Amino acid sequence: MHANTTLTVPTVQPLLQQLFPKAAGLPHIAPLAADASTRRYFRIHWHAPAADCPASCVLMMCEPWQAQDTPDFLAVGQHLRVHGVRVPEVYGVAPREGLMCLEDYGDRTLAGQWQERSPVERLAWGQRAIEELVKMHTGGTYHADPACPAFKLAFDVPKLLSELQYFREHAIAGLWQQALSSTARADLDAAFETLCTILASAPRYFCHRDYHGWNIMARDGTVGVLDFQDARMGPQPYDLASLLTDRGTPDLLGGALLTALTDYYLQRMQAEVGQRIDRDAFDQLFDYVAVQRCLKAIGTFAAMAVVRQRPQYLPYIPPTLAYVRPLVQRYAALQPLTVLLRRYVPLWQE
C-alpha cells in the first residue's frame with residue numbers, strides 16, 4: 001500500500017478488530033489534512049464506542065515496512081515518550097499495509113490557537129509548546145538512545161547546505177525563474193556554506209526539525225507533538241526558531257511576545273540544567289538558525305507550489321522574506337549572502 005492509496009473499511013477492519021475487539025459496528029473513516037507531508041492521515045471513529053476503547057483514533061498511512069524493522073516515527077516517538085514529551089500513543093501497527101494506529105489529538109493546531117486567542121492566551125499556549133521543547137533539549141538530548149535514529153544524524157554542513165540549495169533550485173530558479181550561471185550557483189553556495197559552517201560548529205541538541213505551530217496540536221489545555229520522525233542533532237535554537245519564525249508567526253505574535261517566549265525558554269532551560277546561558281551568544285545563533293531555516297522553508301513553499309501544484313503555500317513567502325531580510329543585513333559574515341539575495345530574489349525589498 002502506498003501513500004496515495006484510498007483507505008477503505010475492509011482494508012483497516014482487521015487491524016481495528018485486533019486492537020479494539022469490543023468496538024461495535026463498522027467505523028467511519030474521514031481523511032485529514034496533512035500539511036506538507038507525503039504521508040496520509042485518516043480519522044477513525046465509532047458511533048457507539050466501547051467503554052474501554054477510544055472514541056476515535058488516527059490512522060497514518062506510509063510506506064510498508066518489514067515487521068522486524070522499526071520505522072523512524074516509532075523509534076523517535078519512543079525516545080521522546082520515555083523523556084516525557086507528549087507524543088501520540090501508538091495503539092498498533094500493520095507493517096505490510098503501511099499503517100500506524102495512533103492517539104487522536106483532534107484538529108486544533110497551536111497555530112489555530114495563536115490566531116484566535118488573546119495575547120495572554122497566546123503566551124500561555126506558547127509556553128506549553130516550549131515546555132515540551134525543554135524536555136527534548138534536556139532528557140531527550142542528554143540521554144542518547146542508540147535505537148533512536150536522531151542520534152545518528154546531524155545538521156552538519158552537507159545537510160544544511162543541501163537545504164539551502166533546495167531554496168536555490170526551487171525558489172530562485174524554479175518559482176522566480178532566475179537564470180543562474182555556474183558562477184552564480186558557486187557564489188550562492190559559497191555564501192550558503194559560510195552560514196552552514198557557523199551552524200554546524202555549534203553544540204548539538206536533539207532537534208525535532210519541524211517544530212512549528214502546524215505540527216503541535218492543542219487539546220484539553222495541553223499540547224501534543226507530531227511529525228517528529230525526521231529528528232536529528234543540531235544547534236540549540238533550531239526548534240525554537242522554527243516555532244517562532246515559521247510562516248507568518250512573527251507578525252501574528254509580535255515582537256514583545258516573541259521575546260517573552262524566548263525568555264521563557266532560556267529560564268526553563270537554565271532551571272533544568274543549572275547553568276546560565278549566554279543570552280547574547282544564544283540570540284546571535286538563533287538569528288543564524290532563523291536565516292537558514294527561513295530560506296529552507298521558502299524553498300519548501302516554492303516546491304509545493306511549482307512541483308506539487310499546491311499554491312496555498314505561496315502567501316507564506318513574503319512574510320518569511322520580511323523576517324529574514326534584516327537578519328542577513330545585521331551580521332558581517334552574511335553580507336555576501338545579502339548581496340546575492342538582493343540580486344536574485346525579486347521580492348527582496350530594502
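The figures here come from the full heavy-atom set of this structure, side chains too, leaving out hydrogens, waters and symmetry mates. In this text, all values refer to a predicted model and were calculated from it rather than measured experimentally.
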What's the separation between atom [atom1] in [X] and atom [atom2] in [Y], rounded to the nearest 0.5 Å?
| X | Y | atom1 | atom2 | value |
| --- | --- | --- | --- | --- |
| Leu160 | Leu199 | CG | CG | 5.5 Å |
| Arg128 | Thr222 | CZ | OG1 | 8.0 Å |
| Tyr313 | Arg308 | OH | CZ | 7.5 Å |
| Glu193 | Leu188 | CD | CG | 12.5 Å |

- Near Gln312 CD, under 6.0 Å, is it more than 12 heavy atoms from other residues, nucleotides or ligands?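 Yes, CD of Gln312 has more than 12 neighbouring heavy atoms, counting only those of other groups under 6.0 Å.
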- Query: Given the rule in the ring-ring contact (aromatic ring centres under 6.0 Å, His included) test, do Phe301 and Phe167 qualify, once you have shown the distances and angles that lead to the verdict?
  - Reply: CA-CA 9 Å; Phe301 302 149; Phe167 161 78; over 10 Å; no
- Item | Side chain proximity check, Tyr211 to Val225, heavy atoms < 4.5 angstrom |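 A side-chain contact under 4.5 Å exists here.
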- Arg39 side chain reached by Asp227 side chain, heavy atoms, under 4.5 Å: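 In contact.
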Look at [X] together with [Y] and state whether they make a salt bridge at an N to O cut-off of under 4.0 Å.
| X | Y | result |
| --- | --- | --- |
| Arg86 | Glu103 | yes |
| Arg279 | Asp283 | yes |
| Lys135 | Glu132 | yes |

- Is it true that Tyr264 and Leu252 fall in one hydrophobic cluster, defined by side-chain heavy atoms closer than 4.5 Å?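 Yes, Tyr264 connects to Leu252 through the hydrophobic network.
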- Message: Ring centres under 6.0 Å, that's the criterion: do Tyr142 and His137 meet it?
- Response: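 No; His137 has its ring centre 6.0 Å or more from that of Tyr142.
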- Listed by chain and number, what are the ring-ring contact (aromatic ring centres under 6.0 Å, His included) partners of Trp114, not counting sequence neighbours?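 By the ring-ring contact (aromatic ring centres under 6.0 Å, His included) rule, Trp114 matches no residue at all.
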- Message: Given 3.5 Å as the limit, does a donor-acceptor pair link the side chain of Arg108 with the main chain of Gly112, or not?
- Response: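 Flag set: sc Arg108 to bb Gly112 pair under 3.5 Å.
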- If only atom types and distance count, is the side chain of Thr141 paired as donor or acceptor with the main-chain N or O of Tyr205 below 3.5 Å?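 Not a single qualifying donor-acceptor pair exists.
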- Task: Measure from NZ or CZ of Arg122 to the centre of the six-membered ring of Trp125 and say whether it is under 6.0 Å with the direction within 45° of the ring axis.
- Result: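 Because its charged atom misses either the 6.0 Å distance or the 45° angle limit, Arg122 does not stack over Trp125.
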- Query: Honestly, is Arg209 close enough over Tyr238, meaning NZ or CZ under 6.0 Å from the six-membered ring centre and within 45° of the axis?
  - Reply: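 No, Arg209 and Tyr238 do not form such a contact.
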- From the options His212, Arg293, His208, select the one residue that forms a side-chain hydrogen bond (donor to acceptor under 3.5 Å, both in side chains) with Ser242.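 Passing option: Arg293.
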Which atom names give the shortest non-hydrogen contact between [X] and [Y], and what distance separates them?
| X | Y | answer |
| --- | --- | --- |
| Leu180 | Ile172 | CD1-CG2, 3.8 Å |
| His79 | Gly140 | NE2-O, 2.8 Å |
| Leu327 | Leu334 | O-CD1, 4.2 Å |

- Message: Using ring-ring contact (aromatic ring centres under 6.0 Å, His included), reason through Phe20 and Tyr91 one step at a time and then give a plain yes or no.
- Response: CA-CA 9 Å; Phe20 313 115; Tyr91 297 128; 5.6 Å; yes
- Item | Steps toward salt bridge (Lys or Arg N to Asp or Glu O under 4.0 Å) verdict (Arg168, Glu163) | CA-CA 9 Å; Arg168 185 193 70 195; Glu163 293 185 342; over 6 Å; no
- Task: If a pair satisfies salt bridge (charged side-chain N to carboxylate O under 4.0 Å, His left out) and one of its residues is in residues 142-161, list it, with sequence neighbours excluded.
- Result: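 The answer is none; no pair qualifies.
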- Hey, what else clusters with Tyr105 if you join Ile, Leu, Val, Met, Phe, Trp, Tyr whenever side-chain heavy atoms sit under 4.5 Å?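 Listed partners: Met217, Leu226.
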- Item | Residue of the set Leu195, Val324, Ile198 for which side-chain contact (heavy atoms from CB on, under 4.5 Å) holds with Gln292 |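 Result: among Leu195, Val324, Ile198, Leu195 is the only option passing the side-chain contact (heavy atoms from CB on, under 4.5 Å) with Gln292.
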